[in-house]
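What follows is one structure encoded as structure tokens, with my remarks underneath.
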Amino acid sequence: MKTLISCAYNMDNCCVELKFADGIMNAIDTISVENEVADNMYQRYNDPIGYADLILNGDPEIYLKTVTEYNPLDS
């Protein structure tokens, strides 16, 4: 794996921007990640820097479904 030298959240575009030692830069659109894996508003992770680790090293869908709890108001 490439060496990550910086990781920052850009509030202007809601992206986590990653810069690697070999000059490659990646941007993770946090809204797109949430829209893809969250089934409801309670599964919004709200930790943008955590997305970098999830995208690079884990499975965001499983994580978001594990750490969130959905309790409908009508139950």
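Keep in mind it's a predicted model, so treat the numbers as computed, not measured.
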For Leu4 versus Ser6, what's the shortest heavy-atom pair and its separation?
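Looking at all heavy atoms of both residues, the closest pair is CD1-O, 3.3 Å.
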
Counting only heavy atoms not in Met25, do more than 12 sit closer than 6.0 Å to its CE atom?
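Atom CE in Met25 is crowded, with more than 12 foreign heavy atoms closer than 6.0 Å.
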
Could you see if Val16 belongs to whatever hydrophobic cluster contains Ile5? Use Ile, Leu, Val, Met, Phe, Trp, Tyr and a side-chain cutoff under 4.5 Å.
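Hydrophobic grouping puts Val16 apart from Ile5.
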
Find the distance between CD1 (Ile28) and SG (Cys15) and round it off to the nearest 0.5 Å.
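Ile28 atom CD1 to Cys15 atom SG measures 9.0 Å (nearest 0.5 Å).
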
Which value, rounded to the nearest 0.5 Å, describes the distance between Ile24 atom CD1 and Leu18 atom CG?
11.5 Å

Suppose we screen for side-chain hydrogen bond (donor to acceptor under 3.5 Å, both in side chains). Which residues come up paired with Asn10, at least two apart in sequence or across chains?
Glu17

